[in-house]
Structure formats: C-alpha cells, structure tokens
Amino acid sequence: GQSNFDNPGVMLAGLGADLDLLPTQRLALNVNDLYFAQTAVIAALRAQAFDNRHIGEDASIALTYRPLMSQNIVVRAAYARLFSLSALDALFPRQNPDYFLLNAIFAY
C-alpha cells in the first residue's frame, strides 16, 4: 500500500575528525547540531502545538582497532549521547539517550 507518513525531516550541521593514533588504531570524534526541518507534521501527530525546531546536540567518540593492519579483523567501540533541548524534551521528557556500540568483523 501507499505510505501515509509525512517525514518532518532533520537538518544536521556537524564537525568531525578521524585521528590515526597508530597504524592499527583510529579515533573518530563527531559533534552535530540537530533541527527538525518542519514541525507541522509533529504537531498534527501529537495533537498539540509544537513549533520548536531545535532538537539538541549529538556527540560521539569511536575507537577502531585493526590488529593485522588489514580488514581481516576489525573491532570498533563507540559511544554517543544526545544532549536534548526543549524540542525533544517536549516529545520525550526526562530522556537524554546514551548509546554504546561494540562491533567486531572477522573475515577470512
């Protein structure tokens, strides 16, 4: 069937850096500022006035380890946190999401 959802869209402005610490280790740092592109969809969905576009800031750090200096073994650990402002607090009160990711790839 046909979709009946209108996406409010997200605008993202960010800065990031990838730092090669050693030939086997890479550190990635990212900071993003998030905004809703349009809020009318959210206001209709929630059946309440909603006009604040600023979602908040997202910060993340990731460490990638390749012990063989190839793509045969790759281990990545990452942590991210969303520092929400009033727009997200209106939708999800008292929540600042934290995320931790551990990913391992073993290829032969």
Side-chain angles (χ1 to χ4, degrees):
Q2 194 172 39
S3 174
N4 61 358
F5 178 72
D6 190 8
N7 190 339
V10 173
M11 295 184 294
L12 180 139
L15 293 171
D18 286 346
L19 309 168
D20 288 330
L21 304 176
L22 297 169
T24 58
Q25 294 177 359
R26 174 176 283 175
L27 181 68
L29 305 166
N30 290 295
V31 177
N32 300 300
D33 201 13
L34 303 161
Y35 293 86
F36 287 118
Q38 55 181 317
T39 58
V41 174
I42 298 168
L45 180 67
R46 300 284 297 213
Q48 70 185 44
F50 187 83
D51 60 358
N52 193 345
R53 292 178 181 255
H54 195 211
I55 299 170
E57 287 80 28
D58 167 66
S60 66
I61 184 169
L63 180 64
T64 304
Y65 177 60
R66 299 180 310 138
L68 304 178
M69 292 191 291
S70 69
Q71 293 299 105
N72 290 20
I73 299 174
V74 180
V75 179
R76 181 178 170 100
Y79 173 77
R81 180 172 172 97
L82 177 63
F83 299 95
S84 63
L85 292 178
S86 57
L88 193 65
D89 288 338
L91 296 173
F92 305 103
R94 297 177 302 280
Q95 290 187 15
N96 278 328
D98 290 291
Y99 299 98
F100 181 73
L101 169 76
L102 182 59
N103 185 355
I105 297 173
F106 302 98
Y108 175 71

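Basis for what follows: all heavy atoms, side chains included, without hydrogens, waters or symmetry-related copies.
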Leu29 vs Leu19 side-chain heavy atoms within contact, under 4.5 Å: yes

Student check: side-chain heavy atoms of Asp58 and Leu34 closer than 4.5 Å: yes

At what distance, to the nearest 0.5 angstrom, does [atom1] of [X] lie from [atom2] of [Y]?
X: Asp98; Y: Arg81; atom1: CG; atom2: CZ; value: 4.5 Å
X: Glu57; Y: Leu82; atom1: CD; atom2: CG; value: 8.5 Å
X: Tyr35; Y: Leu12; atom1: OH; atom2: CG; value: 10.5 Å
X: Leu63; Y: Leu21; atom1: CG; atom2: CG; value: 7.0 Å
X: Ile73; Y: Tyr65; atom1: CD1; atom2: OH; value: 9.0 Å

Residues in side chain to side chain contact (heavy atoms under 4.5 Å, CB included) contact with Ala104, at least two apart in sequence or another chain: Val75, Phe106

Least distance between heavy atoms, Ala28 atom then Asp18 atom: CB-OD1, 3.2 Å

Minimum heavy-atom distance Pro23-Met69, with the two atoms named: CB-SD, 3.4 Å

Single-linkage hydrophobic cluster Phe100~Ile61, side-chain heavy atoms < 4.5 angstrom: yes

Within one Ile-Leu-Val-Met-Phe-Trp-Tyr cluster: Leu27 and Leu102, side-chain cutoff 4.5 Å: yes

Side-chain H-bond candidate by donor/acceptor type, Asn72 with Tyr108, under 3.5 Å: no

Residue pairs, two or more places apart or on separate chains, that pass side chain to side chain donor-acceptor pair (under 3.5 Å) and touch residues 19-29: Asp20-Arg26

Leu22 atom CG, over 12 foreign heavy atoms within 6.0 Å: yes

